Amino acid sequence: MGSEMSRILDTIKGPQDIKKLSLRQLSQLATEIRAYIIEVVSRNGGHLSSNLGAVEISLALHYVFNSPQDKIIWDVGHQCYTHKIITGRKDQFRNVRRNPGIYGFPVREESEHDIYNTGHASTALSAAMGFATARARKKEKHEVVAVVGDGGLTGGISWEALNQIGHQREKIIIVLNYNEMSISYNVGALSKYLSYLVSGRYYLRVKDQVKSILKSVPLVGWPLIKLGRAFEEAIKKTFFPGLVFEELGIKYTGPVQGHSLGSLIEVFEDAKKYDGPTLILCVTQKGRGYTPAINNPERFHSAKPFDVKTGRPLSQGKVPSYSSVFGQTVVKLARKDNKIIAITAAMPEGTGLGAFSGEFPGRFFDVGIAEQHAVDFASGLSLSGFKPITAIYSTFLQRAYDQLYHDICLMDIPVVFALDRAGIVPDDGPTHQGINDIVYLRHLPNMIVMAPKDENELQHMIYSALTYKHPAAIRFPKAKGFGIPLDEKLRLLPLGKAEMLKEGRDLMIAYGSMVYSALEAAEILEKEGISLAVMNARFAKPLDEKLILDKVRPKGTVVTVEEGVIAGGFGSAVREMLDNEGKFDLCFLRIGLPLDIYPLGKIDQIKKALHVDTEGLCRRIRDFYGKK
Ligand SMILES: Cc1ncc(C[n+]2csc(CCOP(=O)(O)OP(=O)(O)O)c2C)c(N)n1
């Protein structure tokens with residue numbers, strides 16, 4: 001890279017500056033942006049491999065299209081760093097994912113160039129269809145571009161959108177960023193089909209061959225070639241009748257070398273001229289430009305801070321994460337029970353199921369970014385006598401609410417749901433917060449809803465959940481455990497039974513990840529004259545009504561503590577139960593999370609800001625007692 005003084009990046013204030021550059025300068029800019037992304041992500045953590053893979057696509061899009069008049073929508077949004085850097089946020093990018101700082105995903109409030117907030121996959125094509133339909137109704141003239149990965153395309157919503165796009169035929173330019181990867185290697189028939197499209201490079205070759213043969217055929221040859229699109233259509237139909245996008249009514253172009261700025265600019269310009277939906281298949285390399293990320297795109301998908309020279313993570317504590325305890329426990333159980341099957345929706349490593357997939361490849365299913373399908377798939381397996389454990393992050397299981405209700409709970413089918421990343425999630429912003437699951441699960445019929453206080457209890461819960469004969473969800477945070485030794489022998493936790501951790505005058509009932517903070521707070525407050533018993537609820541449903549009723553004092557105080565949205569959450573469950581008893585005149589304090597305000601930052605930072613760290617608990621309880 002050139003010296004600091006000669007950096008092209010320093011001259012880029014907005015997308016208009018990209019358009020003045022020559023191809024050579026653009027290519028230098030790509031190199032500079034890569035170095036900048038690597039430097040920043042090595043400090044802040046972030047989605048490194050996807051962003052390194054999308055540098056040229058982002059530059060070419062901003063070169064050809066006029067953002068924000070033209071609408072560029074990023075699927076998932078985890079690949080938008082170059083877009084952010086060249087749309088006026090170059091300096092703020094130093095603090096991406098930090099507080100104070102900017103988001104790692106597109107956020108409308110942050111820039112007029114972020115026209116659609118994302119974080120969850122497979123939404124871009126539907127949104128693009130909305131923008132394009134609105135454009136037609138309003139008789140406006142601008143382009144609509146959606147950038148989606150081959151992973152994002154495995155999500156059913158993408159196909160629901162393609163169904164409408166091909167039918168309605170509004171002009172939409174779909175850039176399919178193909179890199180063979182979701183977070184892990186992309187799986188499934190669609191992935192195979194795309195790799196078939198790519199690997200052949202056959203279409204262009206066959207087209208050229210047919211053209212050169214036709215040129216030598218007197219009279220009919222040239223007229224046929226001059227048919228242009230009709231000629232291309234004929235070739236595609238004759239030689240590649242299965243070209244699925246074309247069959248759906250969407251013009252297909254590709255494969256294009258996704259790191260060749262010249263080629264990308266050319267095809268994007270061409271797509272602009274075509275008056276209908278187009279899909280351009282761009283082949284990119286995840287981690288492009290940084291060898292450790294190329295060699296291990298999965299680890300660098302959402303990387304923790306690392307040493308740039310070696311690629312090694314900066315800190316690796318000894319305490320295992322909840323995800324890894326979950327993964328180890330499922331392996332342990334599966335060794336003894338061959339009915340156990342593990343399912344993930346495109347997160348084999350994130351959910352801790354990597355080891356399971358290695359040891360039991362035939363009992364492990366990565367279904368792609370398809371949470372709804374994952375739930376129904378588990379339902380069928382369970383009805384056939386298997387014991388599916390479906391591991392889906394809390395925020396992504398929101399997608400499958402109806403499947404949980406209709407295909408699991410109404411039929412009372414025993415499937416275990418492991419909800420990782422439940423509660424406050426660091427760095428990724430509002431879209432990734434796992435704050436709603438207590439609420440969206442606790443009113444489902446037959447669903448057992450539980451959360452362990454620590455990693456040791458987690459393993460007992462997984463073991464127990466498999467015995468309950470009902471659907472059962474276990475939520476746990478994106479965090480390391482507390483360093484609690486893991487019992488060798490797994491224990492059955494009686495269904496709906498809580499445990500007392502401390503005795504006291506009034507009652508504090510804590511759920512899951514908040515139990516130890518609640519205990520700490522109670523110990524601090526005890527010294528100040530506020531005496532609270534502490535209960536580890538274990539279950540939000542069924543509640544341990546007997547124990548709660550035992551411990552509640554008429555005219556006493558009940559405090560509930562949870563790492564989830566308060567409205568309709570665990571505290572509400574306790575309150576409803578006590579109200580139904582009708583015999584207590586209680587002071588009731590519900591501590592939990594708000595509906596909307598989620599600052600960026602680390603878990604501790606966010607907990608502090610939302611007053612759910614130990615200090616915050618003490619303050620709120622003190623204030624409450626002060627007002628009584
Ligand atoms: C509904 C949903 N499920 C899972 C995820 C987690 N996730 C984030 S990015 C990603 C892979 C996306 O792959 P692709 O679209 O091909 O983009 P690439 O990273 O390969 O560029 C997954 C599974 C998500 N964001 N949303």
Side-chain angles (χ1 to χ4, degrees), residues 37 41 46-58 73-83 104-106 117-126 146-158 160 174-188 190-191 194-195 198 258-259 281-288 293-294 296-303 323 343-351 353 366-375 390-401 403 419-421 425 427-434 478:
I37 291 177
V41 176
H47 291 89
L48 188 68
S49 4
S50 312
N51 277 294
L52 293 180
V55 174
E56 285 81 8
I57 287 181
S58 312
I73 304 161
W74 303 92
D75 197 72
V76 188
H78 64 310
Q79 74 291 58
C80 71
Y81 291 178
T82 300
H83 161 81
F105 291 87
N117 291 20
T118 43
H120 292 200
S122 315
T123 62
L125 302 185
S126 304
V147 184
V148 60
D150 50 322
L153 204 64
T154 60
I157 316 171
S158 292
E160 293 167 29
I174 301 167
V175 177
L176 174 55
N177 177 6
Y178 174 85
N179 55 22
E180 291 181 274
M181 306 275 308
S182 191
I183 290 181
S184 305
Y185 272 92
N186 208 356
V187 288
L190 176 65
S191 166
L194 291 176
S195 82
V198 169
H259 299 297
L281 178 66
C282 303
V283 183
T284 63
Q285 182 183 39
K286 221 161 163 167
R288 178 86 168 183
I294 292 173
N296 196 342
E298 192 163 355
R299 178 159 75 75
F300 284 93
H301 177 89
S302 179
S323 317
I343 301 169
T344 174
M347 320 290 281
E349 292 301 328
T351 51
L353 287 173
D366 176 356
V367 299
I369 307 179
E371 289 79 7
Q372 296 157 304
H373 161 68
V375 172
T390 307
I392 297 180
Y393 293 1
S394 162
T395 188
F396 301 140
L397 190 63
Q398 287 169 188
R399 285 264 159 105
Y401 174 72
Q403 282 71 20
L419 277 69
D420 199 328
R421 273 67 166 167
V425 171
D427 307 320
D428 286 331
T431 51
H432 283 60
Q433 300 303 331
K478 178 180 188 180

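All ligand and atom numbering here is 1-based and tracks the order in the structure. For the numbers below, each heavy atom of this structure counts, side chains included, while hydrogens, waters and symmetry mates do not. Every value quoted in this text rests on a predicted model; they were computed, and no experiment measured them. For the single chain, residues carry numbers from 1 onward in sequence order.
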- Residue, atom and distance of the protein heavy atom nearest atom 8 (C) of ligand 1 read V76 CG1, 3.9 Å
- Query: What about G119: any of its N or O atoms under 3.5 Å from an N or O on ligand 1?
  - Reply: yes
- Consider every N or O of A346 and every N or O of ligand 1, then say whether any pair is closer than 3.5 Å. no
- Query: Can the ring centroids of H432 and F396 be said to lie less than 6.0 angstrom from one another?
  - Reply: yes
- Shortest reach to atom 9 (S) of ligand 1 by a heavy atom, considering only H47, H301, H120: H301
- Query: Any side-chain donor-acceptor pair under 3.5 Å between R421 and S323?
  - Reply: yes
- Item | Distance from atom 11 (C) of ligand 1 to nearest protein heavy atom, with residue and atom | S182 OG, 3.4 Å
- Heavy atom of G53 under 4.0 Å from ligand 1? no
- Query: Just which atoms of ligand 1 are under 4.0 Å from any heavy atom in M347?
  - Reply: 6 (C), 23 (C)
- Ligand-side contact atoms (ligand 1) for residue partner R399, heavy atom cut-off under 4.0 Å: 1 (C)
- Item | From CA spacing to verdict: side chain to side chain contact (heavy atoms under 4.5 Å, CB included), D75, T118 | CA-CA 7 Å; D75 197 72; T118 43; 5.9 Å; no
- Message: With a 4.0 Å cut-off on heavy atoms, is Q79 in contact with ligand 1?
- Response: no
- Message: Quick check: do L153 and L194 have side-chain heavy atoms less than 4.5 Å from each other?
- Response: yes
- Item | Test item: M181 and N186 side chains (from C-beta on) under 4.5 Å apart, heavy atoms | no
- Query: When only distance counts, is V148 in polar contact with ligand 1, meaning an N/O pair under 3.5 Å?
  - Reply: no
- Query: Is the closest heavy atom of G350 to ligand 1 under 4.0 Å?
  - Reply: no
- Task: With the side chain counted from C-beta on, respond yes when F300 and I294 share a heavy-atom pair under 4.5 Å apart, and no when they do not.
- Result: no
- Query: Which residue owns the protein heavy atom closest to atom 10 (C) of ligand 1, what's the atom, and how far is it?
  - Reply: I183 CG1, 3.5 Å
- Task: Please write down residue, atom name and distance for the protein heavy atom closest to atom 21 (O) of ligand 1.
- Result: N179 ND2, 3.3 Å
- Message: Can you confirm whether H301 sits close enough to K286 that some side-chain heavy atom of one is under 4.5 Å from a side-chain heavy atom of the other?
- Response: yes
- Query: Considering only heavy atoms from C-beta outward, does the side chain of V41 approach that of L48 to under 4.5 Å?
  - Reply: yes
- Can you pull out the closest protein heavy atom to atom 17 (O) of ligand 1? Residue, atom name and distance to 0.1 Å, please. H78 NE2, 3.5 Å
- Item | Shortest protein contact, atom 16 (O) of ligand 1 (heavy atom only) | G151 N, 2.6 Å
- Query: Considering only the protein, which heavy-atom contact is closest to atom 23 (C) of ligand 1, and what is its distance?
  - Reply: I369 CD1, 3.5 Å
- Query: After noting the C-alpha distance and the side-chain angles of H47 and Y81, does the key distance pass the side chain to side chain contact (heavy atoms under 4.5 Å, CB included) rule?
  - Reply: CA-CA 9 Å; H47 291 89; Y81 291 178; 4.1 Å; yes
- Any side-chain donor-acceptor pair under 3.5 Å between H120 and T431? no
- State, with a plain yes or no, whether a side-chain heavy atom of D150 is found less than 4.5 Å away from one of N179. yes
- Any N or O on H432 sitting closer than 3.5 Å to an N or O of ligand 1? no
- Is there a donor-acceptor contact under 3.5 Å linking the side chains of D366 and T344? no
- Nearest to atom 3 (N) of ligand 1, what protein heavy atom do you find, and at what distance? E371 OE2, 2.6 Å
- Message: Using a 3.5 Å cut-off on N or O atoms only, is D150 in polar contact with ligand 1?
- Response: yes
- Query: Just which atoms of ligand 1 are under 4.0 Å from any heavy atom in S50?
  - Reply: 18 (P), 19 (O), 21 (O)
